[in-house]
Structures are given as structure tokens and as C-alpha cells.
Colleague: 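Structure incoming, see below.
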Amino acid sequence: MSVEAGYNQWAATYDEVTNPTRDLEKKACESLLHDKISGAVLELGGGTGKNTGWLAERSERLVSADISREMQAVARAKVTAANVEFLIGDVKEEWRFGTGFDVITCSLILEHVEDLGHIFRKAANALKPGGLFYICELHPFKQYAGSKARFEGGNGEQVLECYQHHVTDYTKAAVASGFAIEDISEWFDGGGRGEPPRLIAFLFRNKE
Ligand SMILES: C[S@@+](CC[C@H](N)C(=O)[O-])C[C@H]1O[C@@H](n2cnc3c(N)ncnc32)[C@H](O)[C@@H]1O
């Protein structure tokens with residue numbers, strides 16, 4: 001099943017089922033970006049709009065893009081603010097999301113993208129000089145242990161196509177596109193440090 005078809009199925013239950021990864025990412029996003037959102041913002045893989053309303057309240061203009069029409073339909077029903085534009089698009093292709101963004105966010109989508117270099121090259125072009133690129137993904141430690149995006153579909157458990165990314169895959173691809181690494185943080189279940197982190201978050205600064 002393609003990633004697009006998988007999320008089109010998952011859309012009906014994505015917000016309802018227990019999903020600690022989804023919930024922890026919301027905390028990471030709000031904690032890391034609460035004083036950094038302004039101007040024009042591009043949200044990649046906005047999904048069912050978990051972060052969309054929060055980002056829209058803090059930005060002048062928000063473009064929320066996703067490959068899945070069904071995921072985005074849930075977001076469109078939730079977020080009706082006039083400063084939000086929803087677009088359907090694939091981040092692995094040419095970007096038709098616009099340019100001149102102050103901030104780009106990318107929450108829980110890059111495990112489905114093999115070529116991180118493409119994403120950083122497009123993000124560098126879409127951001128203003130000095131703009132901020134936020135990424136939060138399943139921690140590589142979780143991926144090494146076999147975690148992948150999965151859901152209960154009509155025919156049982158569906159596991160989506162995922163790619164392993166090491167920490168240095170992100171940082172090297174970012175630096176190759178001219179980004180500076182501003183922050184790397186790890187996010188743990190229950191706020192504890194006794195177990196491997198669930199998420200890793202990066203803040204990259206576009207070259208001036
Ligand atoms: C795990 S969900 C995360 C949704 C939301 N960002 C959140 O944190 O709840 C991943 C989202 O990325 C989208 N996605 C996956 N691959 C994509 C691609 N190549 N281009 C655009 N969106 C993609 C999926 O359709 C889905 O909505």
C-alpha cells in the first residue's frame with residue numbers, strides 16, 4: 001500500500017486512537033516554537049491538523065500541505081481560519097507551496113521520505129534568508145528497535161513504507177544545503193530519561 005493510500009485509510013481514526021508519538025510531538029512543537037512563529041509559515045505533512053490551528057493563530061499566513069486528501073479533509077473541517085491555505089502536494093516532488101516563508105515545520109513525515117537532501121534543498125529555497133526549519137521525527141533509536149508508522153485498517157494492521165534516518169543523515173543534509181544547526185532535542189515518554197527517547201527535534205537556520 002502506498003503511503004498516500006495508507007494515510008487516506010488512517011485518516012478516519014488518526015485523531016481517535018492512542019498514539020503517544022502524535023501526542024508527544026504536539027508538546028515538542030509547542031514547546032520549541034512558542035516564541036518563534038511569525039509571518040508566513042509552511043506546514044509540511046499537516047495531516048489532520050493537530051498543529052495547524054495552533055500555527056495559524058501565531059502566523060500571518062499559513063500554508064498547510066499534505067499528500068493525503070483524506071487526512072487534509074479532517075484538518076479542513078477543524079481549521080477554518082481565513083489565513084490558512086490548504087494544498088495537496090508531495091514533498092518528494094517539485095514543491096508548489098510558494099516561497100518567502102519565515103518558518104517551515106515538518107512533524108512526523110520524514111520517516112516516509114528516503115532522500116532527505118531533496119527536502120533540505122527545497123526548504124532552503126522556500127524559506128527567507130535566516131528562516132527557521134523545524135523537524136520532529138520518530139527518534140532513530142526507536143527506528144533501530146523496529147518502530148514504524150502503523151495503524152489498524154479494515155484488513156488488520158497496516159505498516160507504512162518507512163526509511164531509516166540516522167541523526168547525522170539529518171545534520172549532514174541540512175549543512176549541505178547551507179543550514180546552521182540551532183538546536184537538537186530529544187523527547188521522552190512521561191518526561192522521564194530512563195528509556196530511549198521517542199522523538200528527536202531539530203531547529204535549523206537557513207543561510208542569510
Ligand atoms: C504521521 S502523520 C503526521 C501528521 C501531523 N503532522 C501530525 O504531527 O499529526 C504524517 C503525514 O505526512 C503526510 N505525508 C506522508 N508522506 C508525504 C509526502 N511525500 N508529501 C506530503 N505529505 C506526506 C501524510 O499524508 C500524513 O498526513
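Both counts, for ligands and for their atoms, begin at 1 and track the order of listing.
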Colleague: Among all protein non-hydrogen atoms, which one is nearest to atom 1 (C) of ligand 1, and what is the separation to 0.1 Å?
Modeller: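 Scanning the protein heavy atoms, the shortest distance from atom 1 (C) of ligand 1 goes to Y7 OH, 3.1 Å.
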
Colleague: To the nearest 0.5 Å, what is the distance between CZ (F120) and OG1 (T171)?
Modeller: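 Answer rounded to 0.5 Å: 8.5 Å.
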
Colleague: Is the ring centre of H166 less than 6.0 Å from the ring centre of Y144?
Modeller: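 So the answer is yes for these two rings.
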
Colleague: Where do N51 and E25 land on the side chain to side chain donor-acceptor pair (under 3.5 Å) test, with the steps shown first?
Modeller: CA-CA 9 Å; N51 299 333; E25 196 287 324; 3.0 Å; yes

Colleague: Quick one: closest heavy-atom pair of I104 and A126, and the distance?
Modeller: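 That closest heavy-atom pairing would be CD1-CB, 4.0 Å.
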
Colleague: For A5, check side-chain contact (heavy atoms from CB on, under 4.5 Å) against everything at least two apart and list the hits.
Modeller: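 So A5 forms a side-chain contact (heavy atoms from CB on, under 4.5 Å) with M1, S2.
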
Colleague: Just to be sure I read this right, does ligand 1 sit under 4.0 Å from the backbone of V3, its side chain, both, or neither, counting only heavy atoms?
Modeller: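 Side chain only.
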
Colleague: Determine the interplanar angle of the F202 and Y170 rings, folded into 0 to 90°, and report it as parallel if under 30°, tilted if 30 to 60°, perpendicular if over 60°.
Modeller: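 Ring orientation, 0 to 90° scale: tilted.
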
Colleague: Are E94 and K122 close enough for a salt bridge, meaning some N to O gap below 4.0 Å?
Modeller: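 Salt bridge: yes.
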
Colleague: Can you find an N/O atom of S107 closer than 3.5 Å to an N/O atom of ligand 1?
Modeller: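 Yes, there is a polar N/O contact under 3.5 Å.
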
Colleague: Can you classify the ring geometry of F97 versus W95 as parallel (below 30°), tilted (30 to 60°) or perpendicular (above 60°)?
Modeller: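 Ring orientation of F97 relative to W95: tilted.
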
Colleague: Please compare D90, V113, L138 and report which has the shortest non-hydrogen distance to atom 19 (N) of ligand 1.
Modeller: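 Closest candidate by heavy-atom distance is D90.
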
Colleague: So which protein heavy atom does atom 6 (N) of ligand 1 come closest to, and at what separation?
Modeller: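 For atom 6 (N) of ligand 1, the nearest protein heavy atom is G45 O, 2.7 Å.
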
Colleague: Quick check: does A65 get an N/O under 3.5 Å from an N/O on ligand 1?
Modeller: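 No, since none of the N or O atoms of A65 sits under 3.5 Å from an N or O of ligand 1.
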
Colleague: Which ligand 1 atoms does S68 reach within 4.0 Å, using its non-hydrogen atoms?
Modeller: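 The atoms of ligand 1 under 4.0 Å from a heavy atom of S68 are 25 (O).
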
Colleague: Can you confirm, on distance only, whether ligand 1 has an N/O atom lying under 3.5 Å from any N/O atom belonging to D66?
Modeller: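 Min N/O separation from ligand 1 is below 3.5 Å for D66.
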
Colleague: Mark the output for W10 as yes if a heavy-atom distance to ligand 1 is under 4.0 Å, and as no if none is.
Modeller: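 Per 4.0 Å heavy-atom rule, W10 does not contact ligand 1.
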
Colleague: Tell me which protein heavy atom sits closest to atom 17 (C) of ligand 1, plus the residue, atom name and distance to 0.1 Å.
Modeller: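 The closest heavy atom on the protein side is I67 CG2, 3.6 Å.
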
Colleague: Only heavy atoms of G47, strictly under 4.0 Å: list the atoms of ligand 1 that pass.
Modeller: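 Those of ligand 1 that fall under 4.0 Å from G47 are 4 (C), 27 (O).
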
Colleague: Give the atoms of ligand 1, by number and element, whose distance to some non-hydrogen atom of K50 is under 4.0 Å.
Modeller: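 With K50 as reference, the close atoms of ligand 1 come out as 7 (C), 8 (O), 9 (O).
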
Colleague: Quick check: closest heavy atoms across S59 and N83, and the distance to 0.1 Å?
Modeller: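 Taking every non-hydrogen atom into account, O-ND2, 3.1 Å.
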
Colleague: Give the intermediate values and the outcome of side chain to side chain contact (heavy atoms under 4.5 Å, CB included) for residues Y134 and L32.
Modeller: CA-CA 9 Å; Y134 162 84; L32 293 173; 3.9 Å; yes

Colleague: Starting from atom 20 (N) of ligand 1, what is the nearest protein heavy atom, named by residue and atom, and what distance separates them?
Modeller: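 Heavy-atom neighbour on the protein nearest atom 20 (N) of ligand 1: V91 N, 3.0 Å.
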
Colleague: Could you list the atoms of ligand 1 found under 4.0 angstrom from a heavy atom of K92?
Modeller: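 Close to K92: 19 (N).
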
Colleague: Mind checking whether G89 has a heavy atom under 4.0 Å from ligand 1?
Modeller: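 A heavy atom of G89 does come that close to ligand 1.
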
Colleague: In the protein, which heavy atom is nearest to atom 10 (C) of ligand 1, and how far is it?
Modeller: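 For this ligand atom, the closest protein heavy atom is L108 O, 3.2 Å.
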
Colleague: Suppose I only count heavy atoms of M71 and a 4.0 Å limit; which atoms of ligand 1 are within that range?
Modeller: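 So the answer, numbered in order with elements, is 27 (O).
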
Colleague: Any nitrogen or oxygen of Y14, main chain or side chain, under 3.5 Å from a nitrogen or oxygen of ligand 1?
Modeller: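 It does: an N or O of Y14 is found under 3.5 Å from an N or O of ligand 1.
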
Colleague: Kindly compute the distance separating CD (Q143) from CG (L138), expressed to the nearest 0.5 Å.
Modeller: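 Here the rounded value is 5.5 Å.
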
